[in-house]
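Worksheet for the structure shown next.
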Amino acid sequence: AQVVLSAGFSRTPGPAAALLEKAKASNVAPDVLAAYVKNATSRLGGIKEAQLSKGAAIYQSLCFSCHGMDGKGVDAGAGKLAPPLAGSKIANGDKSNMIKIVLRGLTGPIDGKTYLGQIMVPMAQESDEWIADVLTEVRSGWGNTGDAVTPSDVAKVRAATTGVTEPYTMETLLGER
């Protein structure tokens, strides 16, 4: 029971919603699950369980192929296909940077490391809600401590970055303050 209650605060592998599903399948008491959801949503500013569930489903259908189910990046030869999201300074930091990356893409080295995937493809065609859901999952999974992302957060960044026509590099992303 304590594992489920602590999941939102620990470095548990995989997204929070996936852990919740495993707990449900293991017949964890409903009151323990309710306490977990209350803790996770309280920590993230009162988001709804549905947002975590939708974000987990998006991550598990798309993002995991490069970033891994554990958020540590998929091994590819001597390196990783994409950077880890678990414990990432970018994932845990200013949410507008993560929104910019998903909307407009990212290419080039990250913290001096080059990844085999070489580019995070821009996803500006997705809705503000879709982006908010998946980023909230990333910012709350694997022990990450970032706050929730709302559709209005995404809309503001989308409007502010309409002139961005090329994927960001870390230099251009962090230089845009």
Side-chain angles (χ1 to χ4, degrees), residues 7-9 12 14-21 23-24 33-71 73 82-107 110 117 119-170 172-177:
F9 304 97
T12 52
L19 179 65
L20 231 120
E21 289 305 313
K24 287 178 185 174
L33 288 175
Y36 167 78
V37 171
K38 181 179 179 185
N39 285 341
T41 58
S42 171
R43 182 176 62 81
L44 293 169
I47 65 158
K48 306 258 188 277
E49 179 184 4
Q51 185 178 14
L52 284 173
S53 295
K54 288 189 286 183
I58 294 165
Y59 186 90
Q60 292 170 13
S61 68
L62 181 64
C63 312
F64 84 96
S65 60
C66 294
H67 295 287
M69 287 303 290
D70 61 1
L85 297 173
S88 160
K89 290 185 288 186
I90 295 291
N92 286 296
D94 180 351
K95 62 183 151 186
S96 68
N97 287 330
M98 287 294 289
I99 297 168
K100 288 175 183 178
I101 291 169
V102 172
L103 282 171
R104 308 297 174 204
L106 181 70
T107 190
I110 300 169
I119 188 166
M120 164 65 196
V121 183
M123 303 216 156
Q125 76 280 2
E126 301 297 346
S127 72
D128 294 345
E129 180 180 4
W130 188 95
I131 292 170
D133 291 347
V134 73
L135 288 180
T136 295
E137 176 63 21
V138 167
R139 289 169 58 81
S140 67
W142 317 292
N144 287 341
T145 58
D147 55 344
V149 176
T150 66
S152 65
D153 294 332
V154 178
K156 288 175 191 167
V157 174
R158 186 186 297 272
T161 62
T162 55
V164 177
T165 58
E166 297 290 324
Y168 285 99
T169 63
M170 287 305 291
T172 59
L173 178 71
L174 299 177
E176 241 188 53
R177 297 271 172 198

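The structure displayed is predicted, hence computed values, not measured ones. This chain uses plain numbering: 1 for the first residue, then up along the sequence.
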Validation row: T161, Y168 side chains within 4.5 angstrom (heavy atoms): yes
Distance check, rounded to the nearest 0.5 Å: [X] atom [atom1] versus [Y] atom [atom2]?
X	Y	atom1	atom2	result
I101	L135	CD1	CG	9.0 Å
H67	M120	NE2	CE	6.0 Å
W142	N92	CH2	CG	10.5 Å
I99	M123	CD1	CE	15.0 Å
S88	M98	OG	CE	6.5 Å
L85	D70	CG	CG	10.0 Å

Derivation and outcome, side-chain contact (heavy atoms from CB on, under 4.5 Å), residues L103 and K100: CA-CA 5 Å; L103 282 171; K100 288 175 183 178; 5.8 Å; no
Looking at every heavy atom in both [X] and [Y], which two are closest together, and how far apart are they?
X	Y	value
E129	P151	CA-CG, 3.9 Å
D153	A148	OD2-O, 3.9 Å
R104	R158	NH2-O, 3.2 Å
C63	V134	SG-CG2, 3.9 Å
L106	T169	CD1-C, 3.8 Å
A82	C66	CB-O, 3.5 Å

Test item: D128 side-chain N/O and V154 main-chain N/O as donor-acceptor pair under 3.5 Å: no
Donor-acceptor contact present, side-chain N144 to main-chain G146, <3.5 Å: no
Test side-chain contact (heavy atoms from CB on, under 4.5 Å) applied to V138 and Y59, step by step: CA-CA 8 Å; V138 167; Y59 186 90; 3.9 Å; yes
T136 versus D133, side-chain donor and acceptor atoms under 3.5 Å: no
Residues L174, N97; criterion side-chain contact (heavy atoms from CB on, under 4.5 Å); working and verdict: CA-CA 8 Å; L174 299 177; N97 287 330; 3.9 Å; yes
Atom CD of Q125 with >12 non-hydrogen neighbours under 6.0 angstrom: yes
Pair K54 + E137: basic N to acidic O under 4.0 Å: no
